[in-house]
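The structure appears right after this line, and notes come after that.
Start at 1 with the first residue, then count along the sequence.
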Amino acid sequence: MEQVTVRLTPPPALIQAVRRLLRPLARALMAFGVNYPAFANLAKGVFVEAAVGDFREEGGPITDSQVSLLSGVHRREVKRLREEMRGSHAAPVAVSLGAQIVARWCADPRFMDAQRHPLPLARLASQGGDVSFERLVAGVSKDIRPRAVLDEWLRLGVARLDDEDRVHLLETAFIPVQGFDEKAFYFGKGLHDHMAAATHNVLGLHPPFLDRMTYYDGLRPESVELLRQLARELAARSLQEVNAKALELQAADSAREGANRRVTFGTYFYATEDERGGGK
């Protein structure tokens with residue numbers, strides 16, 4: 001990890017950027033009953049965690065006094081918070097397993113049509129053989145019953161079952177429509193990794209991460225809808241390409257040393273009224 005230089009005076013442009021990115025977070029927190037005092041208490045632990053993880057001294061682990069000076073959190077609280085930092089960040093079981101199954105469904109040629117779209121799969125191997133939902137799940141994990149996976153997916157709105165007992169994937173990614181714990185996990189994971197990439201870049205670390213977007217104002221709702229559909233099509237295509245390559249590389253790397261890196265590749269689309277007050 002590259003050494004991060006600590007500046008004594010924060011740039012005004014950074015403060016403005018932070019105010020802007022905190023606005024939707026504050027909206028989400030207040031919607032679920034998390035007020036400012038609760039957020040401030042939560043932020044203490046995060047500042048300590050960041051200081052310990054990202055500002056290590058060359059001579060060894062950073063001390064409580066150094067963490068206190070860097071984060072502004074009182075030394076007594078730093079000691080307590082460091083002891084509490086051992087909490088788990090594990091994904092809900094439905095997410096960790098579900099994402100792997102969907103990734104294989106959208107990358108393995110056996111489970112895709114000529115246009116590389118995920119095929120509807122017979123629920124049982126007795127109906128579809130190797131090209132069945134049972135075999136798909138068993139290829140990822142033999143520790144959980146395919147029926148249990150399907151029931152959870154139906155609850156979450158990830159898949160549907162048709163009149164011919166075939167399972168249809170509703171999105172080419174594991175995107176729960178229902179299930180708050182699963183949604184909250186992706187809320188944290190997606191925004192964390194995007195912000196981590198952007199932070200890496202704004203700190204001037206090398207090599208920079210991919211972080212690009214295009215934005216326009218002065219558009220009619222009909223035009224926004226056309227762009228929304230185009231963005232969905234292009235995003236699905238690019239995510240599917242990266243997913244297929246990543247699955248191939250993961251299989252090859254599993255037998256090699258040094259396979260300890262993770263990657264995230266994502267896209268997003270957002271639309272709202274112009275900040276300048278709307279169109280003409």
May I ask you to check whether Phe180 and Phe185 place their ring centres under 6.0 Å from each other? no
Assess whether atom CZ of Arg80 is packed by more than 12 heavy atoms of other residues, nucleotides or ligands within 6.0 Å. yes
Measure from the side-chain N and O atoms of Ser132 to the backbone N and O of Arg123, and report whether any donor-acceptor pair falls under 3.5 Å. no
For Ser238 and Glu241, which I'm curious about, is there any donor-acceptor pair between the side chains at under 3.5 Å? no
CA sep, side-chain torsions, deciding dist, call: Arg82, Asp64, salt bridge (Lys or Arg N to Asp or Glu O under 4.0 Å): CA-CA 9 Å; Arg82 290 186 77 165; Asp64 288 352; 2.9 Å; yes
Euclidean distance, Leu156 CG relative to Lys183 NZ, rounded to 0.5 Å: 9.5 Å
Classify the ring geometry of Tyr268 against His194: parallel below 30°, tilted from 30° to 60°, perpendicular beyond 60°. tilted
Is it the case that more than 12 heavy atoms not belonging to Arg145 sit under 6.0 Å from its CZ atom? no
Give the intermediate values and the outcome of salt bridge (Lys or Arg N to Asp or Glu O under 4.0 Å) for residues Arg155 and Asp151. CA-CA 6 Å; Arg155 182 186 74 82; Asp151 287 344; over 6 Å; no
Can you tell me if Trp153 uses its side chain to pair, donor with acceptor, with the backbone of Ala148 under 3.5 Å? no
Hphob cluster co-occupancy, Val131 + Val140, side-chain heavy atoms under 4.5 angstrom: yes
Contact between Leu227 and Tyr216 at the side-chain level, heavy atoms closer than 4.5 Å - yes or no? no
Given side chains that start at C-beta, do those of Leu119 and Phe111 come closer than 4.5 Å, heavy atoms only? no
